[in-house]
Amino acid sequence: MDKERITRQFVKLVSIDAPSYREREMADYLTKELEELGFSVEEDDAWKVYDGNCGNLYAHRPGSGSPLLLGMHMDTVEPAKGKKAVVYPDGRITSGGTTVLGADDMSGVAAVLEALHHLKEENRPTRELEILLSIGEEKHVKGAKVFDFSKIQAEKSIVLDMSGEIGTAAVQAPSQIAFTVKVHGKASHAGFAPQDGVHAIRIAAAAIAEMAIGRIGDDTTVNVGQIEGGRASNIVPDYCEVSGELRSFSHKKALEELAKVEQIFAKEAEKRGGSIEFIPDICYQAYKTDENESVVKEFQKACTACGIKSSLIATFGGSDQNKMSEHGIPGIVMASAMHQVHSCQEYTEVSEMAQVAGIVSELLQMKE
């Protein structure tokens with residue numbers, strides 16, 4: 001792999017502002033890159049659903065052998081405006097310290113582009129290839145959630161979107177369900193007539209105290225991450241909003257825990273004369289890819305060809321692979337040279353991106 005080229009490509013990619021639902025410039029750049037590499041590129045209208053400025057990109061290039069779907073996302077978590085890559089002599093790349101770097105997911109994108117350029121230079125034939133570049137992945141996989149998977153011909157997928165040692169791949173990921181509870185009470189003067197009010201914050205607090213929060217067994221977590229309510233210190237609050245999430249390797253258990261949360265809030269509201277609106281959002285469903293699936297074997301074979309030890313794990317994070325699995329496309333999520341993601345200390349290594357590009361290059365040349 002050409003380390004200077006992959007470095008230039010990565011630096012260019014992270015210089016493009018692409019916060020969630022504002023990926024227009026990134027989509028235009030990647031469309032041009034892929035078309036120059038022989039792909040046909042289509043853009044859907046996912047932007048209409050999320051009031052964004054561009055849609056998911058679907059790219060296709062014919063070839064010989066069973067088709068493979070590669071997945072990456074175009075958006076970056078905040079703070080993401082004005083990103084600048086700082087390249088050090090030892091090959092480490094960081095941000096300037098006031099923004100994220102954007103290695104999540106631009107290290108994966110840069111590695112795939114490098115593999116494609118390398119194979120083009122070498123004039124090597126490749127298998128049929130499909131690429132999904134999604135929007136809004138950092139908003140709980142929202143872009144892939146509305147993508148039309150009937151376009152996809154591939155029966156296997158690899159998503160480049162995970163931290164960890166190169167050669168690591170996740171074969172299992174959880175369901176994630178977000179929830180919002182709108183608690184309604186009754187306002188009254190806190191000094192003159194507190195007895196006439198229905199304290200919405202107290203209802204929410206009592207419900208949260210009753211919840212099982214944190215790790216629930218070995219495979220499930222529940223969290224309350226945000227609570228807002230009240231208008232002034234001298235008013236019994238008539239409204240409170242609570243937001244949280246739960247994750248589980250068992251979708252059935254996730255739904256069961258969700259029902260428990262709703263029942264607790266409803267019980268506490270009824271007990272104190274209030275009411276609730278419970279709004280769940282099933283972000284994505286759990287999957288487990290069998291280790292005997294051909295995509296797993298291909299990944300292991302590609303790692304071996306590159307002199308890299310492969311390792312299969314379960315992850316408690318979601319990705320576009322959750323949606324691919326929901327649509328009957330088994331796959332894995334491979335480590336793609338991103339570290340300390342979702343922080344201003346995020347970094348990548350040029351040597352690792354080159355390793356990822358090498359693995360992808362081997363995968364693209366496989367016939368089966």
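- Listed by chain and residue number, Phe192 satisfy the ring pair (Phe, Tyr, Trp, His ring centres under 6.0 Å) test with His189 (two or more places apart in sequence, or in another chain).
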* To do: Please lay out, stage by stage, how Glu128 and His60 fare under the test side-chain hydrogen bond (donor to acceptor under 3.5 Å, both in side chains).
  => CA-CA 8 Å; Glu128 183 177 355; His60 174 261; 2.7 Å; yes
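- Taking a cutoff of 4.0 Å between a charged side-chain nitrogen and a carboxylate oxygen, Glu114 and Arg5 qualify as a salt bridge.
- Within the structure, salt bridge (Lys or Arg N to Asp or Glu O under 4.0 Å) pairs that include any residue of residues 258-268 comprise Glu257-Lys260, Glu268-Lys271, Glu268-Arg272 (at least two apart or interchain).
- In this structure Tyr58 satisfies the ring pair (Phe, Tyr, Trp, His ring centres under 6.0 Å) test with no other residue, sequence neighbours excluded.
- Ion pairing between a basic and an acidic side chain is recognised when a charged N comes within 4.0 Å of a carboxylate O; Lys297 and Glu291 show no such pairing.
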Could you list the donor-acceptor pairs under 3.5 angstrom formed between side-chain atoms of residues 199-225 and any protein atom two or more places apart in sequence or on another chain?
unit_1, atom_1, unit_2, atom_2, d
His199, ND1, Arg202, N, 3.0
Asp219, OD1, Lys253, NZ, 3.1
Thr220, OG1, Ser248, OG, 2.8

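- Asp75 and Ser20 form a side-chain donor-acceptor contact under 3.5 Å, judged by distance and modelled atom types alone.
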Name the atoms and distances for all side-chain donor-acceptor pairs under 3.5 Å in residues 29-38, with sequence neighbours left out.
unit_1, atom_1, unit_2, atom_2, d
Tyr29, OH, Gln9, OE1, 2.6
Thr31, OG1, Ala27, O, 2.7
Glu33, OE1, Gln9, NE2, 3.0

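- Applying the side chain to side chain donor-acceptor pair (under 3.5 Å) test to residues at least two apart or on different chains, the pairs with a partner in residues 328-342 are Asp104-His342, Glu138-His342, His339-Glu352.
- Here Arg22 does not pair with Glu25 in a salt bridge; the nearest charged N to carboxylate O distance is not below 4.0 Å.
- The pair Arg231-Asp238 counts as a salt bridge, with a side-chain nitrogen and a carboxylate oxygen less than 4.0 angstrom apart.
- Aromatic ring centres of Tyr239 and His184: separated by under 6.0 Å.
- Applying the side chain to side chain contact (heavy atoms under 4.5 Å, CB included) test between Val171 and each of Thr315, Ile313, Asp290, Ile332 identifies Ile332 as the sole match.
- Linking ILVMFWY side-chain heavy atoms closer than 4.5 Å, directly or via other members, places Ile166 and Met72 in a single hydrophobic cluster.
- Under a 4.0 Å N-O distance rule, the pair Lys3/Glu349 does not qualify as a salt bridge.
- Ion pair Glu130/Arg61 not flagged as a salt bridge, since none of the NZ, NE, NH1 or NH2 atoms sits closer than 4.0 Å to an Asp/Glu carboxylate oxygen.
- Ion pair Asp281/Lys145 flagged as a salt bridge, since at least one NZ, NE, NH1 or NH2 atom sits closer than 4.0 Å to an Asp/Glu carboxylate oxygen.
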